[in-house]
Amino acid sequence: MIELNLTNLKYPNDTKKEFPYAWPIAAALEQSGEFREWMLLKSGLQGREKGAKLLDREQYDCRKSKPAFWWKDNYCGRKSACPFHACGQTDLLAVFKLSDDNCVALNIEVKHPGERPLDKDQVDSCLKRAECWRTNSTRPKRILPHEQSVTLLVCSEAFEKTHGALTQLFDRTISIEQLAGRISPYPLRAMS
């Protein structure tokens, strides 16, 4: 179990409901090599997870707006010239340099309990956005270059059962219950 260091946590004013589910994942990726390896294994990258370096500082540095969080609010805007038409935002984007010097991006969509149902358009947008960002000619400058991308859905086991066919369109699914067994606190409780 990874006990997260909450000392320097900045809880955003515009907190979306996925924040308590996404922030602990990002924090655990920063704070624990064991968790990074587990996430990469769960992402289907067996044999490439050992010694992977999270490029969190590099992600932050390539963003002109200098957001509060390196992982949050990565998007293709409506004015984007993206040929994939993948407008929207990714809940959590984490880019890693693997032991073979290739980079991989985990494009993580978080569906918290009580969130609106998953629909085909949202799934298509997530998949297209991952493809757009992997492609050199279409990737926005604020996204780090990477040779491979994996789309991950984080949701409850019940959500996965209810939306089975759509959840299977993501490369992988990780349950909130699995994460709660690995990270503490998970999900993050409201800060006072």
Side-chain angles (χ1 to χ4, degrees), residues 1-16 18-46 48-77 88-110 112 126 129-136 139-154 170-172 174 176 178-180 182-188 191:
M1 177 73 72
I2 297 148
E3 295 290 332
L4 296 177
N5 178 352
L6 305 176
T7 306
N8 295 319
L9 173 61
K10 297 178 219 157
Y11 215 90
N13 293 333
D14 67 339
T15 303
K16 295 179 181 166
E18 74 265 0
F19 185 84
Y21 295 87
W23 183 86
I25 296 169
L29 289 171
E30 289 174 24
Q31 297 174 22
S32 171
E34 177 186 331
F35 184 76
R36 282 190 294 276
E37 289 181 8
W38 181 79
M39 282 292 286
L40 291 167
L41 281 170
K42 294 296 285 179
S43 301
L45 297 166
Q46 289 82 356
R48 299 175 70 202
E49 77 285 356
K50 296 282 185 207
K53 179 182 186 273
L54 176 65
L55 300 178
D56 54 331
R57 297 277 182 237
E58 294 83 347
Q59 277 185 251
Y60 179 82
D61 288 345
C62 76
R63 294 179 69 180
K64 196 168 37 173
S65 66
K66 303 302 180 217
F69 303 96
W70 59 268
W71 52 270
K72 189 175 180 298
D73 296 331
N74 288 284
Y75 63 92
C76 278
Q89 95 17 250
T90 295
D91 293 331
L92 195 162
L93 178 70
V95 180
F96 298 86
K97 183 173 230 173
L98 303 176
S99 58
D100 60 8
D101 279 340
N102 286 315
C103 291
V104 63
L106 301 185
N107 298 265
I108 303 173
E109 175 66 25
V110 176
H112 58 83
C126 291
R129 200 165 32 258
E131 186 177 349
C132 172
W133 292 352
R134 187 181 62 246
T135 305
N136 286 332
R139 181 182 50 256
K141 290 177 185 172
R142 66 184 170 279
I143 304 293
L144 284 179
H146 50 278
E147 293 76 26
Q148 183 179 358
S149 62
V150 176
T151 56
L152 291 171
L153 175 64
V154 170
F170 287 86
D171 293 321
R172 297 281 195 265
I174 298 176
I176 287 170
Q178 287 175 308
L179 289 163
R182 293 244 168 213
I183 305 171
S184 178
Y186 194 85
L188 187 64
M191 306 295 282

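Residues: numbered from 1 along the sequence shown. Fair warning: this is a prediction, and the values are worked out from it, not measured in the lab.
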Closest non-hydrogen atom pair, [X] against [Y]:
{"X": "Gln59", "Y": "Arg63", "value": "O-CG, 3.3 Å"}
{"X": "Pro185", "Y": "Leu188", "value": "CG-CD1, 3.9 Å"}
{"X": "Glu109", "Y": "Cys126", "value": "OE1-SG, 3.7 Å"}
{"X": "Gln31", "Y": "Asn5", "value": "OE1-N, 2.9 Å"}
{"X": "Ala94", "Y": "Trp70", "value": "CA-CZ3, 4.0 Å"}

Do [X] and [Y] come within less than 4.5 Å of each other through their side chains, counting heavy atoms only?
{"X": "Glu18", "Y": "Val154", "answer": "no"}
{"X": "Trp71", "Y": "Leu93", "answer": "no"}
{"X": "Leu179", "Y": "Pro24", "answer": "no"}
{"X": "Lys42", "Y": "Leu152", "answer": "no"}
{"X": "Asn74", "Y": "Arg129", "answer": "no"}

- What is the ring orientation for Tyr186 with Tyr21, classed by angle as parallel under 30°, tilted 30 to 60°, or perpendicular over 60°?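 Rings of Tyr186 and Tyr21: perpendicular, as their planes differ by over 60°.
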Separation of [Y] [atom2] from [X] [atom1] (nearest 0.5 Å):
{"X": "Asp91", "Y": "Ile108", "atom1": "CG", "atom2": "CD1", "answer": "9.0 Å"}
{"X": "Arg142", "Y": "Leu144", "atom1": "CZ", "atom2": "CG", "answer": "12.0 Å"}
{"X": "Leu92", "Y": "Leu29", "atom1": "CG", "atom2": "CG", "answer": "7.0 Å"}
{"X": "Glu30", "Y": "Leu4", "atom1": "CD", "atom2": "CG", "answer": "9.5 Å"}
{"X": "Ser149", "Y": "Ile143", "atom1": "OG", "atom2": "CD1", "answer": "11.5 Å"}
{"X": "His146", "Y": "Leu98", "atom1": "NE2", "atom2": "CG", "answer": "11.5 Å"}

- Partners meeting side-chain contact (heavy atoms from CB on, under 4.5 Å) with Gln148 (sequence neighbours left out):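 side-chain contact (heavy atoms from CB on, under 4.5 Å) check on Gln148 returns Leu45, Arg48, Val104, Val150.
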- Task: Applying side-chain contact (heavy atoms from CB on, under 4.5 Å), name anything that partners Pro145, two or more places apart in sequence or on another chain.
- Result: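 Scan of Pro145 (side-chain contact (heavy atoms from CB on, under 4.5 Å), adjacent residues dropped) gives Arg139.
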- Message: Checking side-chain polar atoms at under 3.5 Å, does Thr151 have a donor or acceptor matched by the opposite partner on Asp171?
- Response: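 Thr151 vs Asp171: donor-acceptor pair found between side chains.
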- Message: Tell me whether Ser32 contacts the main-chain N or O of Ala28 through its side chain, where contact means a donor paired with an acceptor under 3.5 Å.
- Response: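 Checked: no pair found.
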- Message: So, using ring pair (Phe, Tyr, Trp, His ring centres under 6.0 Å) as the criterion, who are the partners of Trp38 when residues are at least two apart?
- Response: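 Partners of Trp38 under the ring pair (Phe, Tyr, Trp, His ring centres under 6.0 Å) test: Phe35.
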- Scan Arg182, Lys50, Lys53 and name whichever one has a salt bridge (Lys or Arg N to Asp or Glu O under 4.0 Å) with Glu37.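 Going through Arg182, Lys50, Lys53 one by one, the salt bridge (Lys or Arg N to Asp or Glu O under 4.0 Å) with Glu37 is satisfied by Lys50 alone.
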- Message: Surrounding CD of Glu34 (heavy atoms of other residues, nucleotides or ligands, distance under 6.0 Å), is the total greater than 12?
- Response: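 Open: at most 12 neighbouring heavy atoms sit under 6.0 Å from CD of Glu34.
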